[in-house]
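Just so you know, ligand 1 is whichever comes first in the structure, and atom 1 is the first atom listed for that ligand.
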Amino acid sequence: MLLTISTTHEPATDLGFLLQKHPDNVRTVSFPFGEAHVFFPEASDTRCTAALLVEVDPIGLVRRPGRGADGFSLAGYVNDRPYAASSFLSVALGKVFRTALNGRSEHRPELAATALPFVVELPTVPCRGGEAVLRELFEPLGYAVEAHPIALDERFPEWGDSRYLSVRLTGQVRLADLLAHLYVLLPVLDDEKHYWVGDDEADKLLAKGESWLGAHPARDLITRRYLKHRHSLAAIVLDQLADEDTQVEAEAETEAQADKPSLNQQRIGAVVAVITGAAAAKVIDLGCGEGRLVQALLDAGVAQVTGVDVSPRVLAKAEARLHMDRLSERQAGRVTLLHGGLTYRDARFAGFDAAALVEVIEHLDEARLGALEQVVFAHAKPPMVVVTTPNVEHNVRFAGMAAGQFRHRDHRFEWSRTEFAAWANKVAAEHGYSVRFEPIGPVDPEVGAPTQMAVFTR
Ligand code: SAH
């Protein structure tokens, strides 16, 4: 698979400085999926072209250690990965041109900051949705888009076109922006499985896309496809881009009652009481959001409190709420904020007396819940785990909520008391915990309390 970037900005050989690659040399970088080569097929004062050639080893991909076998399938061996501009190309580009992607240039900083005339050629682009989607992605960013369909087989024109396009993009842009657009949009066009998609993909997307993605008319399509296999993350990124207040606050809004302590406050009070009642000295708040519980635990005298969240934005808010920048050394030593995902095993989660999961499980796809159970109950396995989640039966008591509507649009499910108890009992039995249940908020005789809490102890 091949990508070329050309410029006619004179002296055109400055492209070598911008990409931090000498036009006379070929540079090769190894990846788990193959090799990437950078070279300059053309380097004159008037026109210079850099090429990124990625050789994917499809056999090596299939045999990569740690890849679960998804049944025997020839697709693993015979596929378009070696030829099509897929997410592999994007990964290679992100690494090989990292400095340029970050807008830096040692020798030509002023050029790196300037919009220059560029032409990008991609001979084989898998284009799910066809040319229309290609245009929808690149035209709003100011590129002139030329695309030619590639026939399935030139010898048999009656077979028609393949889903691949040969693409040329022309624009006057900063090189860093050009690279960021390709980095994010190539996987979006490809829309295939990216085996490395993990929690940090959301951050990459935001980091590379923040300035232009928020205003992009195809923003939803881009985020959804980029994070194809992580729908919960896609929702979080969309939330962040929408630049609305976080989910936590949206929830508080639905639930706030002007005269009484908000449900949120009652929840925090109940969780703090359980945790301090057990004399836990080291507590981890998993999915800590903006750090309200972290603050309350510190105020209640818990010696060490750690908050974890997948969203850098809410972590930044937590940092501000906790005044992390102006704590005394001693106070600062009591609190830690970690960026992490709860469905990936993480050694940093071990060694605590208690863990809290407050209004978090319902943000995960039910299919990912098993992964969280492993991470929390099998690997971190603190002596106490406190889990809260909405009691869906209570929703009928909230004014203004339509039947069947969840309390927040990022919720993947909301459980009845029976469903929550069934899950919690199963988890307890599987991991050697016992579990008790407590309602949070006013208990309605018919539909129960608004929030339900399970307290697991080992
Ligand atoms: N516990 C907080 C926040 C609840 S909202 C409170 O009660 O106020 C759910 C939080 O879980 C969000 O901050 C969200 O970013 C986080 N979250 C969702 N999925 C996650 C995951 N897979 N890993 C880590 N955090 C996650």
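- Between the side chains of Thr28 and Glu35, no donor-acceptor pair of N or O atoms lies under 3.5 Å.
- Per-residue contacts place Gly340 under 4.0 angstrom from the following atoms of ligand 1 (heavy atoms of the residue considered): 23 (N), 24 (C).
- When the heavy-atom distances from atom 24 (C) of ligand 1 to Val271, Leu342, Thr343, Leu293 are ranked, the shortest goes to Leu342.
- Listed by atom number, the atoms of ligand 1 under 4.0 Å from Gly341 heavy atoms are 23 (N), 24 (C).
- Between the side chain of His216 and the main chain of Leu137, a donor-acceptor pair closer than 3.5 Å is present.
- Residue nearest to atom 5 (S) of ligand 1, selected from His339, His363, Lys317, Arg267: His363 (by heavy-atom distance).
- Heavy-atom separations between Arg292 and ligand 1 are all 4.0 Å or longer.
- A donor-acceptor pair under 3.5 Å is absent between the side-chain atoms of Asp353 and the main chain of Val283, judged by distance alone.
- Backbone and side-chain nitrogen or oxygen atoms of Gly287 are examined, and one is located within less than 3.5 angstrom of a nitrogen or oxygen of ligand 1.
- With hydrogens and angles ignored, the 3.5 Å screen pairs a side-chain donor or acceptor of Glu414 with a backbone N or O of Arg407.
- When only modelled atom types and interatomic distance are considered, Arg292 and Gln295 share no side-chain donor-acceptor pair under 3.5 Å.
- Of the listed options Val358, Val310, Leu338, Val310 places a heavy atom closest to atom 25 (N) of ligand 1.
- Side chains of Glu419 and Ser416: a donor on one and an acceptor on the other come within 3.5 Å.
- For ligand 1, the atoms sitting less than 4.0 Å from at least one non-hydrogen atom of Glu359 are 4 (C), 5 (S), 9 (C), numbered in the order shown with element in parentheses.
- Those atoms of ligand 1 that come under 4.0 Å of a heavy atom in Cys288, given as number and element, are 2 (C).
- Taking the six-membered ring where tryptophan is involved, the planes of His363 and His411 are perpendicular, since the angle between them exceeds 60° and thus also 30°.
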